[in-house]
Amino acid sequence: MAPGLLERQFLRARNGVAYLTGSNKPVMAQSPRDLIWRRATGRLWRYRSDARRYGPPVLIVHSLVSKSYVLDLLPDTSLIRHLVEEGFDVFLLDWASPAPADAQNTLETYVDEYIPEAIGALLEEARADELTLVGYCFGGVLTLLVSAGRPDLPIRNLMVMATPCDYRHMGMMSNMFRERRLDPDDVMDETGLVPAESLDEGFQTLKPTDAVVQRLNFLENLWNEEFVESFLAIAHWARDQVPFPGGAFRQTVDLLIRQNALLEGVVPLGRRDVRLSEITCPFLNAFAEQDTITPAAASEPLTRLLGSQDIQELRLTSGHIGFVAGRQAAKVARPQIAAWLRGHSEEIS
Amino acid sequence: MASFWRQAFDAVERPAAAAADSWVQSETFMDLAVFSVRARRRLLREVQNASELWLHAWGLPSHGDVLRLRNELGSLAREVRELGERVPRGEARVRARQAPERAAA
């Protein structure tokens, strides 16, 4: 039962004081895990579980621009915890904040070196001979390029969440690069990295009034502890970007934004052309209709660009975070993602 | 149901948000944003140059010196890392080449 007016005022005051003193900061990424492989910024984690029921193992590749704790935000709103509890053997490949030594990393560094090497480590660790690859946001771009560019890797299934493909719909910053008003070097610092603040500024301009509306939602629901905890966790994550390696950023602007190469279906990478039509494994394209970071229009075309026979689409009515937090995540996203994975896995003894 | 003040806010916010969204997509905004990005960089560079002159006059290291050092350390770290990765691979190749020879001997 919802508390009465007086009780709400009391709860509001109590939670407000806790917020101002910083004593109700949520603790995120609590699922127990082990680091099983590391190279430069790349880290491969395996989540502990006593009840692994399905194979092959699932490898989630995280984005290069944000921190991966969004996938294990809070115990009740954790995509990773949900998948572990459903019986999957979950691995996460994420990226530590790059140092100047990583500024020259290119897309090839990730697609041809780090991810294949991490896959090798995963297969050895899990004693498996194939895996399901899942990419979140820009991590989805990397998994697409790996799946298309490395046919030697035993990728049984591929899923991408909130992954851009048609960069014409990626908002103001992307438009400025496409129209050559801005060059990649304009936003890089002296170390060759794109600072986290520049990325944050870019994200803030996607929905200029959002900060005010979010603050108001927070004040309105300040009496609700569950809302406050979830709000603070998401708000913290949304401003907690990591620098982007300049080499990969230049390619992102040249290939993905200016040439819109993913939409064309052919991405020049290294000394070869990577063709999305060469991805033939089962594929799930999950995106959210109210996503302002990766709008649905930017993700949607992927469904028809791949060569797979088994292609499905999961369309959420939420925003970018709707895969991991909120009612949509609990009722639609997480169960449907788990159902698709189950349908493309088998029970192991 | 939303409170009266919230309904009033939403009634104002919706058209304001739509206007703000189209404003950030406008030519004027983009021109201003580009100008602001470039002006900020230029200003920072000028300030750094001026402070560098002043600090060097006193024999002190400047931000630019620290940065150059950081970049050099960065590329050194990268080279060391690449060497560190190449050595075990080379060793493995040598072991693989020697294995049949040893077996034959």
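Order of the sequence lines sets the chain letters (A, B, ...), proteins ahead of strands, with each chain counted from 1. Quick note: numbers below take in every heavy atom, side chains included, and nothing from hydrogens, waters or symmetry partners.
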Interface moiety of A:D185 toward chain B, non-hydrogen atoms closer than 4.5 Å: backbone

Chain A contact via B:V24 - side chain, backbone, both or neither, heavy atoms under 4.5 Å: both

Atom of A:G246, atom of A:M188 and distance for their closest heavy-atom approach: O-CE, 3.5 Å

Region of B:E85 that comes under 4.5 Å of a non-hydrogen atom in chain A: side chain

Heavy-atom pairs under 4.5 Å with chain B, option from A:R181, A:M172, A:E179 with the top count: A:R181

Centroid separation A:Y19 to A:F218 less than 6.0 Å: yes

Heavy-atom pair with the smallest gap, counting every atom of A:Y114 and A:A40: OH-CB, 3.3 Å

Part of B:E27 within contact of chain A (heavy atom distance under 4.5 Å): both

Pairs of heavy atoms under 4.5 Å with chain B: top-ranked of A:T209, A:D186, A:L182: A:D186

Heavy-atom contact with chain A under 4.5 Å, split by part of B:D31: both

Side-chain donor or acceptor of A:D200 paired with backbone N/O of A:Q241 under 3.5 Å: no

Pairwise side-chain contact, A:M170 with A:P295, heavy-atom cut-off 4.5 Å (strictly under): yes

B:R40/A:E197 under salt bridge (charged side-chain N to carboxylate O under 4.0 Å, His left out): CA gap, chis, key distance, verdict: CA-CA 13 Å; B:R40 205 162 44 179; A:E197 302 80 55; over 6 Å; no

Check: A:S230 side chain, A:F227 main-chain N or O, donor-acceptor pair, under 3.5 Å: no

Region of B:R6 that comes under 4.5 Å of a non-hydrogen atom in chain A: side chain

Part of A:D102 within contact of chain B (heavy atom distance under 4.5 Å): both

Heavy-atom neighbours of A:E226 CD exceed 12 at 6.0 Å: no

Interface moiety of B:W5 toward chain A, non-hydrogen atoms closer than 4.5 Å: side chain

Residue, of B:R70, B:R68, B:M30, B:E79, that accumulates the most heavy atom pairs under 4.5 Å with chain A: B:M30

